[in-house]
Undergrad: 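Before I ask anything, let me first share the structure, which is written out below as structure tokens.
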Amino acid sequence: MKQLSSFLALSVNGGDRISYTYDTIDPATGDVIDSNTKESFFVVDEGLRAHVEAVRDYIRENKLAD
């Protein structure tokens with residue numbers, strides 16, 4: 001099984017790109033088969049794009065506002 005360990009939303013060339021890292025774990029033993037695997041994709045789904053923008057809005061309004 002794969003377990004997400006981190007993700008990051010980036011603005012790239014006017015679009016959004018999600019980069020993520022995960023570990024692959026043997027479900028029977030719990031042993032780590034592979035760790036720190038990195039992958040990424042461009043956000044093309046409008047629902048996902050809205051969620052990414054909602055996180056950005058939250059940060060702007062709650063963490064960056066004076």
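FYI, the numbering just counts along the sequence from 1.
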Undergrad: Please answer: with hydrophobic residues joined when any side-chain heavy atoms are less than 4.5 Å apart, are V12 and L8 in the same cluster?
TA: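 Yes.
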
Undergrad: Determine whether a donor-acceptor pair (N or O, by modelled atom type, separation under 3.5 Å) exists between the side chain of T21 and the backbone of S6.
TA: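 No.
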
Undergrad: So which atom in D45 and which in G47 form the shortest heavy-atom distance, rounded to 0.1 Å?
TA: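 For D45 and G47, the tightest heavy-atom pair comes out as OD2-N, 3.1 Å.
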
Undergrad: Can you check whether I18 reaches F42 side chain to side chain, under 4.5 Å on heavy atoms?
TA: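 Side chain of I18 against side chain of F42, heavy atoms only: no contact under 4.5 Å found.
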
Undergrad: Going only through I, L, V, M, F, W and Y residues with side-chain contacts under 4.5 Å, is there a path from F41 to L4?
TA: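 Same cluster.
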
Undergrad: Would you say the side chain of Y22 lies within less than 4.5 Å of the side chain of K2, judging by non-hydrogen atoms?
TA: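 With C-beta onward as the side chain, the pair touches.
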
Undergrad: Short question: side chain of R49, backbone of V43 - any donor-acceptor pair under 3.5 Å?
TA: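 Between the backbone of V43 and the side chain of R49 there is a qualifying donor-acceptor contact (under 3.5 Å).
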
Undergrad: Working to the nearest 0.5 angstrom, can you tell me the gap between I33 CD1 and T37 OG1?
TA: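 Spacing of CD1 (I33) from OG1 (T37) equals 10.5 Å.
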
Undergrad: Is it true that atom CZ of F7 has more than 12 heavy atoms of other residues, nucleotides or ligands lying nearer than 6.0 Å?
TA: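 Open.
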
Undergrad: Are any non-hydrogen side-chain atoms of I59 and L64 less than 4.5 angstrom apart?
TA: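 A side-chain contact exists here, since the closest heavy-atom pair is under 4.5 Å.
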
Undergrad: Give the intermediate values and the outcome of side-chain contact (heavy atoms from CB on, under 4.5 Å) for residues K38 and Y20.
TA: CA-CA 6 Å; K38 295 177 175 73; Y20 60 99; over 6 Å; no

Undergrad: Would you check, one step at a time, whether the test salt bridge (charged side-chain N to carboxylate O under 4.0 Å, His left out) holds for D16 with R56?
TA: CA-CA 11 Å; D16 292 316; R56 283 194 183 109; 2.7 Å; yes

Undergrad: Rounded to the nearest 0.5 Å, what separates atom CG in N36 from atom CG in D23?
TA: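 Answer for the CG-CG pair, N36 versus D23, is 7.0 Å.
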
